[in-house]
Amino acid sequence: MIARALAQDTDLMILDEPTAHLDLRNRVEVMDHLKELSKSGKTILISTHEIALAAEVCKEFWCMDGERDFVTGTPSELLKNGVVQEFLQVSQNLKAKK
């Protein structure tokens, strides 16, 4: 699926869980490749639950849970001030209610 997105050669790529079902080595390789692509002027929006890996390669996080406005910031600031943990907790609670 990522190869299809790359073949389209657009300025914006939107990827939903691009590393799902990959082993650790390949998850890291895919994320590193996407980071390098972003340096060439492409904007890449990734939806992922791979928080630690995303924190290593992403410039900005957008935290959303479907219940309130989203919060944006650098991975470092959102992890340090507990925003990511708070959004993950709300997300888990919403899943448990279903």
Side-chain angles (χ1 to χ4, degrees):
M1 296 304 285
I2 293 172
R4 286 183 185 178
L6 291 172
Q8 293 176 12
D9 195 29
T10 60
D11 292 334
L12 170 66
M13 293 174 55
I14 301 173
L15 304 172
D16 183 23
E17 297 288 347
T19 59
H21 309 294
L22 297 177
D23 63 10
L24 180 59
R25 185 177 138 262
N26 285 302
R27 286 191 301 236
V28 170
E29 189 174 319
V30 166
M31 293 297 277
D32 283 346
H33 186 65
L34 293 173
K35 182 178 182 176
E36 288 302 313
L37 280 173
S38 73
K39 292 178 182 177
S40 70
K42 290 188 182 296
T43 299
I44 303 172
L45 179 63
I46 299 170
S47 169
T48 186
H49 291 92
E50 297 274 351
I51 304 302
L53 186 54
E56 290 292 321
V57 298
C58 295
K59 288 191 249 178
E60 186 173 2
F61 272 9
W62 293 7
C63 295
M64 300 178 237
D65 64 14
E67 293 288 311
R68 54 196 161 156
D69 292 337
F70 67 93
V71 177
T72 65
T74 66
S76 178
E77 69 187 20
L78 295 182
L79 286 164
K80 285 180 184 176
N81 68 20
V83 170
V84 172
Q85 182 62 33
E86 180 184 330
F87 272 82
L88 289 173
Q89 186 62 42
V90 169
S91 177
Q92 289 173 351
N93 291 341
L94 289 174
K95 287 179 185 177
K97 288 180 183 180
K98 290 183 180 181

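What's counted below: heavy atoms across the whole structure, side chains too, no hydrogens, waters or symmetry copies.
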* Asked: Do Ile51 and Leu79 have side chains that get closer than 4.5 Å, going by heavy atoms?
  -> yes
* Atom of Thr19, atom of Glu50 and distance for their closest heavy-atom approach -> OG1-CG, 3.6 Å
* Residue Glu17 excluded, over 12 heavy atoms near CD under 6.0 Å -> yes
Donor-acceptor pairs under 3.5 Å, side chain of residues 1-15 to any protein atom, not counting sequence neighbours: which ones?
residue: Asp9; atom: OD1; partner: Lys42; partner atom: NZ; Å: 3.0
residue: Thr10; atom: OG1; partner: Leu12; partner atom: O; Å: 2.6

* **With sequence neighbours excluded, residues passing side-chain hydrogen bond (donor to acceptor under 3.5 Å, both in side chains) with Asn26** => Asp23
* Minimal non-hydrogen separation, Arg27 against Leu22, with atom names -> NH1-O, 3.4 Å
* Structure fact -> CD1 (Ile46) and CZ (Phe61) are apart, to the nearest 0.5 Å, by 10.0 Å
Which atom pairs, one a donor and one an acceptor, fall under 3.5 Å between side chains of residues 29-37 and the rest of the protein, sequence neighbours left out?
residue: Glu36; atom: OE2; partner: Lys39; partner atom: NZ; Å: 3.2

* Structure fact -> Tightest non-hydrogen contact, residues Cys58 and Pro75, listed as O-CG, 3.4 Å
* Taking Glu77 for its side chain and Thr74 for its backbone only, find out whether a donor-acceptor pair lies under 3.5 Å. => yes
* Please report the shortest heavy-atom distance between Ser47 and Pro18, naming the atom on each side. => O-CD, 3.8 Å
